[in-house]
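All residue numbers refer to positions in the sequence shown, counting from 1.
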Amino acid sequence: QVQVVESGGGLVQPGGSLRLSCAASGSIFTIFTMGWYRRAPGKQRELVALIAGDTTNYAESVKGRFTISRDNAKNTVYLQINSLKTEDRAVYYCNAALLTVSRIRKVYWGQGTQVTVSS
């Protein structure tokens, strides 16, 4: 069994910063990629950032403001969010594509952490 749990969301003023964390735990053999997605009310889930090894990928809307990083020893991924805009308001979800101990490839999602941007 694998769990993916996000934390770090909250209410921040425009221009403020947050750091989100996501830890994967359980019967994990190896993790291929970890990433962050977000879903604003009434909108579809969109990719924010992905990391695979040393390779990162960002949505155009967050480039230069968001930074994804990873601690492989802890199976944890982080998202440093700077210069928050009101349009960044969303529930942020962590995603992990991995190989379980039984060597089955699976994708897991966290339950999300709310990021609210308001003055």
Side-chain angles (χ1 to χ4, degrees):
Q1 186 175 348
V2 175
Q3 292 189 56
V4 177
V5 181
E6 308 96 331
S7 63
L11 194 157
V12 182
Q13 293 182 339
S17 299
L18 281 174
R19 190 167 101 128
L20 308 183
S21 299
C22 171
S25 62
S27 302
I28 301 168
F29 181 76
T30 190
I31 297 178
F32 299 119
T33 65
M34 297 188 78
W36 290 96
Y37 295 71
R38 67 185 180 187
R39 179 181 285 145
K43 297 183 178 180
Q44 290 186 313
R45 177 182 290 166
E46 66 172 345
L47 172 67
V48 176
L50 280 173
I51 186 166
D54 295 327
T55 302
T56 58
N57 186 33
Y58 296 93
E60 287 295 326
S61 61
V62 307
K63 284 184 177 178
R65 299 188 298 119
F66 291 17
T67 302
I68 189 170
S69 61
R70 188 174 167 183
D71 185 336
N72 292 329
K74 298 180 179 180
N75 289 334
T76 299
V77 66
Y78 306 93
L79 186 68
Q80 179 65 46
I81 306 174
N82 297 326
S83 302
L84 275 161
K85 303 176 180 179
T86 56
E87 50 263 45
D88 294 320
R89 293 174 296 173
V91 177
Y92 285 70
Y93 297 91
C94 181
N95 168 280
L98 52 82
L99 207 63
T100 67
V101 170
S102 58
R103 305 299 183 93
I104 299 173
R105 187 184 186 280
K106 289 189 175 183
V107 177
Y108 291 90
W109 291 89
Q111 292 184 310
T113 185
Q114 176 72 237
V115 173
T116 302
V117 185
S118 177
S119 59

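Between atom CG of residue L11 and atom OG of residue S119 there is a gap of 9.5 Å, rounded to the nearest 0.5 Å. How far CD1 of I28 is from NZ of K106: 12.0 Å, rounded to the nearest 0.5 Å. To the nearest 0.5 Å, atom CD1 of residue I68 and atom CG of residue N57 are 9.5 Å apart. Taken to the nearest 0.5 Å, the CG atom of L20 stands 8.5 Å off from the CD atom of Q80. Atom CG in L79 sits 13.0 Å away from atom OH in Y37 (nearest 0.5 Å). How far SG of C22 is from NZ of K74: 14.0 Å, rounded to the nearest 0.5 Å.
Under the 3.5 Å distance criterion, with hydrogens and angles disregarded, no donor-acceptor pair is assigned to the side chains of T116 and S118.
Here the closest non-hydrogen pair linking A40 and A90 is N-CB, 3.8 Å. Of all the heavy atoms in L84 and R65, the pair that sits closest is CA-NH1, 4.0 Å. Of all the heavy atoms in S83 and S17, the pair that sits closest is N-OG, 4.3 Å. Annotation for V4 and A24: closest pair CG2-CB, 4.3 Å, computed over non-hydrogen atoms. Counting all heavy atoms, side chain and backbone alike, M34 lies closest to I31 at CG-CG2, 3.5 Å. Between T33 and R70, the closest heavy-atom pair is CA-NH1, 4.2 Å.
Two different hydrophobic clusters hold V101 and F32 under the rule that ILVMFWY side chains link at heavy-atom gaps under 4.5 Å. Hydrophobic cluster membership differs between L47 and I81, with clusters built from Ile, Leu, Val, Met, Phe, Trp and Tyr side chains linked at under 4.5 angstrom. Note on Y92: it clusters hydrophobically with V12, by side-chain heavy-atom contacts below 4.5 Å among ILVMFWY residues.
Atom CD of E87 has more than 12 neighbouring heavy atoms from other residues, nucleotides or ligands inside a 6.0 Å radius. Heavy-atom neighbours of Q111 CD from other residues, nucleotides or ligands within 6.0 Å: at or below the threshold of 12.
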Kindly indicate, with the supporting measurements, whether the criterion side-chain contact (heavy atoms from CB on, under 4.5 Å) is fulfilled by V115 and L18. CA-CA 9 Å; V115 173; L18 281 174; 3.8 Å; yes
Could you walk me through whether L98 and V2 satisfy the side-chain contact (heavy atoms from CB on, under 4.5 Å) test, starting with their C-alpha distance in whole Å, then the side-chain angles of each, then the deciding distance to 0.1 Å, before giving a yes or no? CA-CA 10 Å; L98 52 82; V2 175; 4.0 Å; yes
Yes or no on side-chain contact (heavy atoms from CB on, under 4.5 Å) for E6 and S21, after CA distance, side-chain angles and deciding distance? CA-CA 6 Å; E6 308 96 331; S21 299; over 6 Å; no
For V91 and T113, run side-chain contact (heavy atoms from CB on, under 4.5 Å): C-alpha distance rounded to whole Å, both residues' side-chain angles, the deciding distance at 0.1 Å, then the answer. CA-CA 5 Å; V91 177; T113 185; over 6 Å; no
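In summary, the aromatic rings of W36 and F66 are positioned with their centroids too far apart to meet the 6.0 Å limit.
Of the candidates D71, I51, N72, V77 forms a side-chain contact (heavy atoms from CB on, under 4.5 Å) with just one, namely I51.
Proximity of V107 to N95: side-chain heavy atoms (C-beta onward) are separated by under 4.5 Å at one or more points.
Take R38 and apply the salt bridge (Lys or Arg N to Asp or Glu O under 4.0 Å) test, not counting sequence neighbours, and it matches E46, D88.
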